[in-house]
Amino acid sequence: MKMGESTANKNYLPHNQVFDLSLDVHTQGGSKCFDDDGRLKRTGTVWTASAHIITAVIGSGVLSLAWATAQLGWIAGPTVMFLFSFVTYYTSTLLAACYRTGDSVNGKRNYTYMDAVRSSLGGVQFMICGLVQYLNLFGVSIGYTIASSISMMAIGRSNCFHKSGGKNPCLMNSNPYMIGFGVAQIIFSQIPDFDQLWWLSIVAAVMSFTYSTIGLGLGIAKVAETGTIRGSLTGISIGTVTETQKIWRSFQALGDIAFAYSYSIILIEIQDTVKAPPSEEKTMKKASLLSVAVTTLFYMLCGCFGYAAFGDSSPGNLLTGFGFYNPYWLLDIANAAIVIHLVGAYQVYCQPLFAFIEKQAAARFPDSDFITKEIKIPIPGFRPFSLNLFRLVWRTIFVIVTTVISMLLPFFNDVVGLLGALGFWPLTVYYPVQMYIEQMKIEKWSLKWLCLQVLSFACLVITIAAAAGSIAGIVLDLKAYKPFSTTY
């Protein structure tokens with residue numbers, strides 16, 4: 001039985017569309033159909049959790065890593081990637097320990113990231129965290145819309161280059177492609193909740209491996225073709241860029257790398273799909289280790305081979321910056337895989353935001369049929385589709401708004417860097433560290449407490465630098481920009 005498919009017992013609701021119920025169901029114990037909190041049995045495993053994480057992590061961020069490595073050089077580039085992977089994995093284990101309050105096996109569940117913050121840190125931090133988290137999720141949806149349109153245009157441009165022998169610049173407007181992506185998201189956004197996205201996450205994870213592997217393969221082929229490994233120990237040369245540009249670009253590269261590792265904001269939501277026993281914490285730690293290890297390997301290879309192939313001229317987007325022209329059909333496959341992946345990744349990131357708004361609306365207007373009524377639409381050969389009018393209207397408006405903003409700010413690298421910077425420290429480091437300290441009652445000024453605070457402060461400094469670099473890049477882009485008329 002899948003979660004969210006039965007509403008026979010009115011005390012039980014799908015676990016991602018839940019109110020704070022006063023009914024104490026822990027005393028009832030588990031059953032064949034229900035978990036210890038009275039909600040339908042979770043069915044997730046290490047593999048489904050890993051698929052969700054990989055879908056979220058190996059996203060469009062991987063394509064900017066060659067550019068980021070080019071800004072930092074052969075020493076700092078791989079080192080920074082490794083450090084980000086370590087910090088991300090370590091803080092994700094701290095966050096996984098906060099899924100249940102009090103006890104990792106029988107404690108009260110926290111269904112969302114914000115629930116975990118409220119349980120551990122209280123109401124003020126809960127409000128601040130919610131604002132940061134949902135603004136970041138909103139921003140990610142914009143970043144993914146931009147990235148998908150660039151990949152769709154790249155397919156058209158690579159075919160155009162092939163036909164003209166590279167003589168035609170093949171300039172295209174990004175707006176129709178963003179609108180097309182938005183239409184697809186309006187359809188997929190009607191999937192009710194996270195647990196029913198497992199198939200889309202698996203498809204998206206396969207697609208992410210497909211285009212990452214193609215990008216890696218093309219980088220290796222380019223190095224083999226030229227017989228030289230390009231690049232330098234310190235990154236892009238002064239002369240190619242000014243000293244000021246070198247500084248800002250290096251800061252922006254930190255933001256790009258941070259964005260490539262960002263998934264902590266949906267970790268609790270993913271953990272809430274995992275079955276027990278074993279404890280959800282153990283399963284999530286295994287899934288995080290597996291996912292971060294796999295993604296780090298891919299990131300190192302893609303970033304380093306892309307830089308080795310193109311050196312200082314590494315494109316901002318490895319598969320769409322036209323560092324590669326041939327084989328054009330392989331580029332088409334890679335960019336199609338990016339688009340399919342981003343369709344799934346958009347939904348994985350937006351589901352927590354969707355669930356939050358719908359939960360608040362249902363709590364405020366419990367007697368409104370427009371908000372709470374589920375209309376069953378029969379589908380021949382399948383179970384009836386559950387249509388909710390409020391979900392249909394508000395999610396459609398959300399997609400339209402993000403699409404319009406994407407058309408106004410189509411700057412891939414700069415937007416990616418800014419999103420990575422704004423989300424990394426508060427959501428990936430600060431809150432997991434503070435919640436873990438509170439949960440484990442770590443004594444203030446103890447060695448462990450000091451180490452955790454030093455980690456948090458160091459990441460704050462990196463975040464400020466990365467945000468500054470990305471904002472400088474956006475300001476530079478805006479000087480030569482006309483709204484709704486961007487061409488590539």
Side-chain angles (χ1 to χ4, degrees), residues 59-73 75-85 87-88 91 128-129 131-140 142-143 146-147 234-262 264-265 299 303 307 312 314-317 405-406 408-431 433 453-481:
S60 55
V62 68
L63 303 171
S64 65
L65 291 179
W67 181 90
T69 306
Q71 312 314 307
L72 299 171
I75 296 176
T79 301
V80 168
M81 272 192 271
F82 176 78
L83 288 175
F84 270 100
S85 70
V87 170
T88 300
T91 56
I128 296 171
C129 171
L131 181 64
V132 174
Q133 183 188 12
Y134 293 129
L135 279 176
N136 197 262
L137 292 174
F138 181 74
V140 167
I142 293 169
I146 295 169
T234 56
I236 193 165
S237 309
I238 302 296
T240 306
V241 293
T242 65
E243 288 186 18
T244 303
Q245 286 177 322
K246 169 77 172 174
I247 294 170
W248 290 127
R249 283 182 169 215
S250 297
F251 288 165
Q252 186 184 331
L254 297 177
D256 283 6
I257 295 171
F259 180 80
Y261 276 105
S262 176
S264 295
I265 54 177
Y299 284 0
Y307 182 40
D312 285 357
S314 295
N317 185 320
I405 294 174
S406 301
L408 283 168
L409 294 171
F411 314 128
F412 177 73
N413 269 75
D414 299 324
V415 170
V416 161
L418 184 59
L419 289 173
L422 295 179
F424 180 71
W425 177 73
L427 299 173
T428 302
V429 182
Y430 174 76
Y431 280 113
V433 165
Q453 297 298 344
V454 168
L455 171 66
S456 182
F457 179 76
C459 291
L460 172 61
V461 173
I462 291 171
T463 289
I464 293 171
S470 298
I471 291 170
I474 291 174
V475 169
L476 191 63
D477 288 334
L478 286 171
K479 289 181 179 178
Y481 167 68

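No experiment lies behind these values; they were computed from the predicted model shown. We number each residue from 1, following the sequence as shown. Any value given below was found using the heavy atoms of this structure, including those in side chains, with hydrogens, waters and symmetry copies removed.
P426 approaches V132 most closely through the heavy-atom pair CG-CG1, 3.9 Å. Across M81 and Y299, no two heavy atoms sit closer than the pair SD-O, 3.7 Å. In plain terms, the two heavy atoms of G73 and P78 that are nearest each other are O-CD, 3.7 Å. Residues F138 and I405 come closest through the heavy atom pair CZ-CD1, 3.6 Å. Taking each heavy atom of G77 and L72 in turn, the nearest pair found is N-CB, 3.7 Å. Between R249 and Q71, the closest heavy-atom pair is CD-OE1, 3.2 Å.
Judged by distance alone, the side chain of S456 and the main-chain N or O of Q453 form no donor-acceptor pair under 3.5 Å. In terms of modelled atom types and a separation under 3.5 Å, the side chain of T91 and the main chain of T88 share a donor-acceptor contact.
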Exercise. Determine, stepwise, if the pair F84 / F424 fulfils ring pair (Phe, Tyr, Trp, His ring centres under 6.0 Å).
Key: CA-CA 10 Å; F84 270 100; F424 180 71; 4.9 Å; yes

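Rounding to the nearest 0.5 Å places CG of L254 at 11.0 Å from SG of C459. Separation of atoms CD (Q245) and CD1 (I236) is listed at 8.5 Å; rounding is to 0.5 Å. To the nearest 0.5 Å, atom CG of residue D312 and atom CH2 of residue W67 are 12.5 Å apart.
Side-chain atoms of I257 and L65, non-hydrogen and from C-beta on, do get closer than 4.5 Å to each other.
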